[in-house]
Amino acid sequence: MAEIEKKPIKITETILRDAHQSLIATRMPTDLMLPILDKLDKVGYQSLECWGGATFDASLRFLKEDPWDRLRKIRDGAKKTKLQMLFRGQNILGYRPYADDVVYAFVEKSIANGIDIIRIFDCLNDIRNLQAAVDATNKIKKQEGRGESQIALSYTLGDAYTLEYWADMAKKIEEMGADSICIKDMAGLLVPYKAAELVKTLKESTKLPIQLHTHYTSGVASMTYLKAVEAGVDVIDTAMSPFALGTSQPATEVMVEAFKGTPYDTGFDQNLLAEIADYFRPYREQCLETGLLSPKVLGVNIKTLLYQVPGGMLSNMVSQLKEQHAEDKYNDVLEEIPRVRKDCGEPPLVTPSSQIVGTQAVFNVLMGERYKMATGEFKDLLRGKYGQTVKPMNQEVIDKVIPGEERFTSRSADAAGLTNEMDKLEAEMVQYKQQDEDVLSYALFPQVAVDFFKYREAQQTKMDATKADAENGAYPV
């Protein structure tokens with residue numbers, strides 16, 4: 001039997017971003033991350049995923065932290081390892097499309113503050129909504145010598161999502177100038193042998209490196225990684241064990257051990273990984289005690305494969321039903337979600353399409369009549385304002401929800417009529433600006449950012465007063 005060529009599997013660590021986003025609603029504070037950065041930096045990871053996704057919103061809204069400051073501090077503490085972020089294409093880190101000048105400015109500042117790899121996805125897999133971010137990254141890379149663009153394919157199931165579809169997407173991504181491709185399996189839908197098949201297909205279609213990101217929600221993720229690695233995938237995403245499994249990723253230490261002594265051996269030091277796990281374990285216990293980490297998100301939910309519902313979408317749906325005192329409608333909503341998804345062109349369910357479809361499913365069940373009431377976001381999805389879906393939408397639903405309205409066929413930023421937003425945004429928030437990055441925080445979350453800026457100002461005033469009192473002898477030295 002011929003010896004297999006050595007190809008150590010590379011690993012992206014998600015403990016600083018997706019792991020805590022998936023399990024504790026993105027509530028890990030920066031101060032908890034900083035003391036362990038030196039050890040994380042020594043492991044030998046391909047990258048540390050530490051920013052983007054929901055971290056930006058959660059930092060401002062709940063933790064009263066400046067996300068840009070977090071990024072700078074992580075960069076200072078992790079000097080050798082590449083830092084990675086998740087970027088929602090034309091939506092950046094927000095929930096609406098932005099003009100190209102905002103996309104460019106955000107990419108530029110992300111790289112300037114320490115990001116090396118920008119993982120870019122679109123909730124509809126509409127290539128047009130990815131191009132501006134890739135172009136911006138490539139332009140800055142030429143100027144600064146830093147910055148890589150990785151396009152993430154939002155993985156989903158359905159008639160339209162054939163191997164030919166994924167192969168065609170891979171070719172288009174290579175043509176658009178991206179540096180690598182990620183299979184982004186946000187709901188844990190990719191099962192082991194299908195993963196091997198998909199990886200082989202992508203490897204035959206493109207020369208770009210292939211990374212795989214999945215969640216443990218359906219219980220198959222570690223086996224999926226095993227088959228994908230054997231099929232030639234280049235990088236996998238894992239999470240340190242205290243914040244692994246459930247709706248998070250497979251555990252880093254487990255995957256490292258699984259490949260030990262094989263051609264895919266990472267060479268990572270398990271003693272070092274154990275020290276990192278020991279650091280995070282007390283915080284996990286604290287989160288369990290306070291209820292921030294719910295045992296509900298730690299189990300296996302095979303219904304994920306039936307309904308294609310990501311973990312974050314499930315928790316959002318449960319809270320909506322609780323508010324309406326309608327928890328008994330949970331199963332009805334689960335069954336309604338695939339029907340709504342089919343009506344609007346079978347989009348992948350990932351932010352923001354997952355929230356749009358999930359909320360509309362809740363409305364349909366609670367109203368007792370499908371589409372009696374529709375959210376503004378669902379109407380915009382039907383209008384084509386988020387981009388093009390792979391399959392056509394249900395014309396009867398379009399006629400009922402937006403009768404006689406014009407539908408858009410252009411990319412999302414053009415459909416929204418967006419051009420050159422930066423000057424307007426800067427003028428609107430000039431009184432709060434302390435750094436250029438503040439304009440971008442305001443662009444994404446105007447009210448949340450203003451509330452944070454006011455909080456920051458009040459804290460600074462308090463600190464200045466304390467310092468002045470100390471200087472004037474109000475406190476003993």
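Any value given below was found using the heavy atoms of this structure, including those in side chains, with hydrogens, waters and symmetry copies removed. In this text the structure is predicted, and so the values were computed from the model without any measurement.
In this structure, E13 contributes its side chain and M240 its backbone to a donor-acceptor pair below 3.5 Å. In this structure a side-chain-to-backbone donor-acceptor pair under 3.5 Å is present from S248 to F243. Of the possible polar contacts, one joining the S218 side chain to the G188 backbone as a donor-acceptor pair under 3.5 Å is found. At distances below 3.5 Å, at least one donor-acceptor pair connects side-chain atoms of R341 with backbone N or O atoms of P347. With hydrogens and angles disregarded, no donor-acceptor distance shorter than 3.5 Å links the side chain of E377 to the backbone of I356. At distances below 3.5 Å, not a single donor-acceptor pair connects side-chain atoms of N125 with backbone N or O atoms of L153. Y104 places no side-chain N or O within 3.5 Å of a backbone atom of K139 that could act as its donor or acceptor partner. With hydrogens and angles disregarded, no donor-acceptor distance shorter than 3.5 Å links the side chain of D41 to the backbone of L37. Using modelled atom types, one side-chain atom of T290 and one backbone atom of C287 make a donor-acceptor pair closer than 3.5 Å. Between the side chain of Q360 and the backbone N or O of M373, at least one donor-acceptor pair lies under 3.5 Å.
Between A251 and A244, the closest heavy-atom pair is CA-CB, 3.6 Å. Closest non-hydrogen pair, R88 versus A54, comes out as NH2-N, 3.9 Å. Here the shortest heavy-atom pairing between D179 and L208 reads O-CD2, 3.7 Å. Pairing each heavy atom of A326 with each of L366, the nearest pair is CB-CD2, 3.6 Å. Minimum interatomic distance between D135 and M176 (heavy atoms only, all atoms of both residues): OD1-O, 4.4 Å. Considering all non-hydrogen atoms of both residues, T247 and T217 come closest at CA-OG1, 3.7 Å.
Annotation: K329, atom NZ; neighbour count of heavy atoms from other residues, nucleotides and ligands within 6.0 Å does not exceed 12. The neighbour count for D464 CG, taken as heavy atoms of other residues, nucleotides or ligands under 6.0 Å away, is above 12. Other residues, nucleotides and ligands place more than 12 heavy atoms under 6.0 Å from the NZ atom of K64.
Looking at heavy atoms from C-beta onward, E253 lies out of side-chain contact with V256 at the 4.5 angstrom threshold. For the pair D57 and L93, the minimum side-chain heavy-atom distance is 4.5 Å or more. Side chains of E108 and E144 form no contact here, defined as non-hydrogen atoms less than 4.5 Å apart. Between T214 and I236, every side-chain heavy-atom pair lies at or beyond the 4.5 Å cut-off. When side chains are defined from C-beta on, Q84 counts as touching Q150, because their heavy atoms get closer than 4.5 Å. Side-chain atoms of L273 and V43, non-hydrogen and from C-beta on, do get closer than 4.5 Å to each other. Using a 4.5 Å cut-off on side-chain heavy atoms (C-beta onward), Y386 and D126 make no contact. Counting heavy atoms from C-beta on, the side chains of T55 and L86 never come closer than 4.5 Å.
Contact check on D38 versus K42 returns a salt bridge, with a Lys/Arg side-chain nitrogen under 4.0 Å from an Asp/Glu carboxylate oxygen. A salt bridge is absent between E49 and K184: the closest approach of a Lys/Arg side-chain nitrogen to an acidic carboxylate oxygen does not fall below 4.0 angstrom. A salt bridge between R75 and D116 is present, with a side-chain N of the basic residue lying under 4.0 Å from a carboxylate O of the acidic one.
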Yes or no on side-chain contact (heavy atoms from CB on, under 4.5 Å) for D438 and Y432, after CA distance, side-chain angles and deciding distance?
CA-CA 8 Å; D438 287 343; Y432 301 110; over 6 Å; no
Would I183 and I210 count as a side-chain contact (heavy atoms from CB on, under 4.5 Å) here? Give the steps.
CA-CA 7 Å; I183 304 163; I210 307 294; 4.0 Å; yes
Between W51 and N113, is the side-chain contact (heavy atoms from CB on, under 4.5 Å) condition met? List the steps.
CA-CA 11 Å; W51 211 60; N113 281 280; over 6 Å; no
Could you please spell out the steps behind the side-chain contact (heavy atoms from CB on, under 4.5 Å) verdict for T252 and I15?
CA-CA 10 Å; T252 304; I15 187 74; over 6 Å; no
Going through the checks in order, is the salt bridge (Lys or Arg N to Asp or Glu O under 4.0 Å) test met by K385 and E405?
CA-CA 12 Å; K385 280 199 169 182; E405 285 195 31; over 6 Å; no
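Within the structure, every pair that satisfies the side chain to side chain donor-acceptor pair (under 3.5 Å) test and touches residues 272-283, not counting sequence neighbours, is listed here: K39-E275, D278-R281.
To the nearest 0.5 Å, atoms NZ (K467) and CD (Q460) are separated by 12.0 Å. Rounded to the nearest 0.5 angstrom, R383 CZ and E406 CD are separated by 10.5 Å. Interatomic distance, F452 CZ to Q459 CD, rounded to the nearest 0.5 Å: 9.5 Å. Note: L440 CG to L425 CG = 8.5 Å, rounded to the nearest 0.5 Å. To the nearest 0.5 Å, the span separating OG1 on T466 from NZ on K462 amounts to 8.0 Å. Once rounded to the nearest 0.5 Å, the distance linking CG of L48 with OG1 of T81 reads 5.0 Å.
Between Y371 and F378, the ring planes lie parallel to each other; the angle is under 30°, not in the 30° to 60° tilted range.
Remark: of the listed residues N138, I140, I118, N138 is the sole one forming a side-chain contact (heavy atoms from CB on, under 4.5 Å) with S149. Just one residue in the list K73, Q435, Q434 forms a side-chain hydrogen bond (donor to acceptor under 3.5 Å, both in side chains) with D66, and that residue is Q435. Residue E148 forms a salt bridge (charged side-chain N to carboxylate O under 4.0 Å, His left out) with just one option from K82, R119, K141, and that option is K82.
A donor-acceptor contact closer than 3.5 angstrom is absent between the side chains of Q46 and T12. A donor and an acceptor atom, one from each side chain of N129 and S412, are located under 3.5 Å apart. There is a side-chain donor-acceptor pair under 3.5 Å between Q211 and D237.
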